[in-house]
Amino acid sequence: MKNKTDNLPPDYSNKIIGSCSLIKDCRNFAFKIASSDAPVLITGDSGTGKELFADLIYKNSLRYGKPFVKINCAAIPESLIESELFGHLKGAFTDASSYRKGKFIAADTGTVFLDEITELPLNTQSRLLRVIENSAVDQLGSENPVKIDIRIISATNRDIEAEVSAGRFRKDLYYRLNVLLLHIPELKNRKDDIPQLVDYFSGRMNGGIVFTSNAMEKLYSYDWPGNVRELENYIKRLSVTMKGKTIKPEDIEFKNYEKNIILPLKTAINKFKKNYIIKALKANEWNQSRTSSVLGIQRTYLSRLINELEIKEEIKE
């Protein structure tokens, strides 16, 4: 009997590395939902591999071979995003010197992957909601909607429910997108996969490096805030600087390494947020009601932040 991975392009199934139960569950769920046309929302920290799972779903879907249009919502300037997504007619606005089809119409019969979906401005979220509800795109400058048939996969590294609570993301759009939810675990929660990941990355980079068991244990001891992407970059660095050598524990220095890398934005924001909230709690004798009032947020939201940021201090009511 053939496995689902037998029909994938050569070597594709090997791109999602890992055999721990968490990543197996993610992979199995991705295969299970691939044949559906329902929207998929993929959540997880930066560097966990959300785009790889979007690829996996598309390549096992009934739309495989049709257009697969990837859109990084954070990379398009706000002034251009509606034109990029939905297109415009020539002369629709001052700089519209030619016709633009738009990415949604270009994806007709296929799949759209909206990466960093929470970065969309609210007015663009409203237009996206209409596209989903009507299966049609209103191009700028046109009065005739263009019917489309697409599947939407979206992804975010933010707490999207918190974005909804804060009014930065439309609740109705969230429920439209969150039909099938796939959460990708952080690397610190799947450390048993580190040896496989190291073998894969070091082999790909042809660095000729191998790790002693003690060196591998040192890799285990680090929490990898940048997740799999950070591990990949670190192995790449060792492959260049230690080519042809056996890596020992003394060759691995995370403190010096951390000084030379930029943390993922979400990680940096969470570190600042955690320290700021702890400072506010201390100033208010760990009273959540007073602290939430000082911070200008709801008490329930403060409680959720305390849990999410793993603030362990005893909270007085």
Side-chain angles (χ1 to χ4, degrees), residues 33-43 50-51 53-55 57-59 61-158 160-182:
I33 65 178
S35 59
S36 167
D37 252 358
V40 181
L41 175 61
I42 306 175
T43 60
K50 296 185 293 296
E51 186 174 346
F53 277 93
D55 288 342
I57 292 168
Y58 163 71
K59 290 178 186 293
S61 74
L62 299 177
R63 295 177 185 262
Y64 178 53
K66 304 290 180 64
F68 185 36
V69 177
K70 297 181 180 182
I71 303 166
N72 186 334
C73 300
I76 305 174
E78 186 171 343
S79 59
L80 299 177
I81 195 162
E82 293 199 3
S83 175
E84 286 288 320
L85 297 187
F86 311 121
H88 64 251
L89 299 188
K90 182 179 179 179
F93 50 88
T94 303
D95 295 326
S97 57
S98 61
Y99 170 74
R100 181 185 291 275
K101 181 185 289 187
K103 295 184 181 297
F104 275 80
I105 294 176
D108 188 31
T109 73
T111 303
V112 171
F113 175 50
L114 294 168
D115 199 8
E116 306 304 344
I117 183 72
T118 47
E119 300 299 325
L120 284 179
L122 282 169
N123 59 323
T124 308
Q125 293 176 31
S126 299
R127 292 200 64 185
L128 175 58
L129 181 63
R130 289 199 299 273
V131 169
I132 295 172
E133 289 178 337
N134 301 327
S135 297
V137 174
D138 294 314
Q139 293 181 297
L140 298 175
S142 174
E143 296 180 356
N144 301 311
V146 178
K147 296 294 288 184
I148 58 171
D149 171 24
I150 59 171
R151 183 189 195 179
I152 293 180
I153 303 174
S154 53
T156 181
N157 62 10
R158 293 195 181 192
I160 192 168
E161 290 187 357
E163 295 296 301
V164 171
S165 297
R168 291 187 291 268
F169 199 83
R170 291 182 63 106
K171 183 184 292 186
D172 45 8
L173 178 58
Y174 167 65
Y175 287 124
R176 285 284 190 173
L177 297 173
N178 185 23
V179 177
L180 298 169
L181 177 64
L182 174 60

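Side chains are part of it too, since the values below use all heavy atoms of this structure and drop only hydrogens, waters and symmetry mates.
- F113 and S154 make their closest contact through CE1-C, 4.3 Å (heavy atoms, listed as atom of the first residue, atom of the second, distance).
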Please report, to 0.1 Å, the donor-acceptor pairs under 3.5 Å made by any side chain of residues 128-136, with sequence neighbours excluded.
from	atom 1	to	atom 2	distance (Å)
N134	ND2	R130	O	3.3

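- Heavy atoms only, all atoms of each residue included: G167 and L122 are closest at O-CD1, 3.8 Å.
- The heavy-atom pair separating L177 from P39 by the smallest distance is O-CB, 3.7 Å.
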Given salt bridge (charged side-chain N to carboxylate O under 4.0 Å, His left out), test D37 with R63 step by step and report yes or no. CA-CA 9 Å; D37 252 358; R63 295 177 185 262; 2.9 Å; yes
Derivation and outcome, side-chain contact (heavy atoms from CB on, under 4.5 Å), residues K50 and N157: CA-CA 9 Å; K50 296 185 293 296; N157 62 10; 4.0 Å; yes
Apply side-chain contact (heavy atoms from CB on, under 4.5 Å) to residues I105 and I148 and explain how you reach the verdict. CA-CA 6 Å; I105 294 176; I148 58 171; 4.2 Å; yes
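- In terms of heavy-atom proximity, A54 sits nearest to I42 at N-CD1, 3.8 Å.
- For the residue pair G110 and K66, the shortest heavy atom distance occurs at CA-CB, 3.8 Å.
- Side-chain atoms of E143 never come within 3.5 Å of backbone atoms of D138 as a donor-acceptor pair (strictly under, hydrogens ignored).
- To the nearest 0.5 angstrom, I153 atom CD1 is 11.0 Å from D115 atom CG.
- When the ring pair (Phe, Tyr, Trp, His ring centres under 6.0 Å) test is applied to F68, the partners found at least two apart in sequence or on another chain are Y58.
- Of the possible donor and acceptor atoms, none in the side chain of E84 sits under 3.5 Å from a partner among the backbone N and O of I76.
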Determine, stepwise, if the pair F86 / Q139 fulfils side-chain contact (heavy atoms from CB on, under 4.5 Å). CA-CA 5 Å; F86 311 121; Q139 293 181 297; 5.6 Å; no
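- In this structure, T124 contributes its side chain and L120 its backbone to no donor-acceptor pair below 3.5 Å.
- Taken from CG in L114 to SG in C73, the straight-line distance is 5.0 Å, to the nearest 0.5 Å.
- In this model, no donor atom of one side chain and acceptor atom of the other lie less than 3.5 Å apart for E163 and Y174.
- To the nearest 0.5 Å, atom OG of residue S126 and atom CG of residue D172 are 7.5 Å apart.
- Residues I117 and F169 form a side-chain contact, since some pair of their non-hydrogen atoms from C-beta on lies under 4.5 Å apart.
- For the 3.5 Å distance criterion, the side chains of N123 and E82 qualify, holding a donor opposite an acceptor.
- Side-chain contact between E119 and R158: present, with at least one pair of heavy atoms (C-beta onward) separated by less than 4.5 Å.
- No side-chain donor from either of T118 and R168 sits under 3.5 Å from a side-chain acceptor of the other.
- The backbone N or O of R170 lies less than 3.5 Å from a partner atom in the side chain of Q125, making a donor-acceptor pair.
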Evaluate the criterion salt bridge (charged side-chain N to carboxylate O under 4.0 Å, His left out) for residue pair D108 and K103; output intermediate values, then yes/no. CA-CA 9 Å; D108 188 31; K103 295 184 181 297; over 6 Å; no
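- Using modelled atom types and a 3.5 Å distance limit, the side chains of T43 and T156 yield no donor-acceptor pair.
- With contacts defined as side-chain heavy-atom distances shorter than 4.5 Å, the pair T111/I150 does not qualify.
- Counting all heavy atoms, side chain and backbone alike, R151 lies closest to I33 at NH2-O, 3.0 Å.
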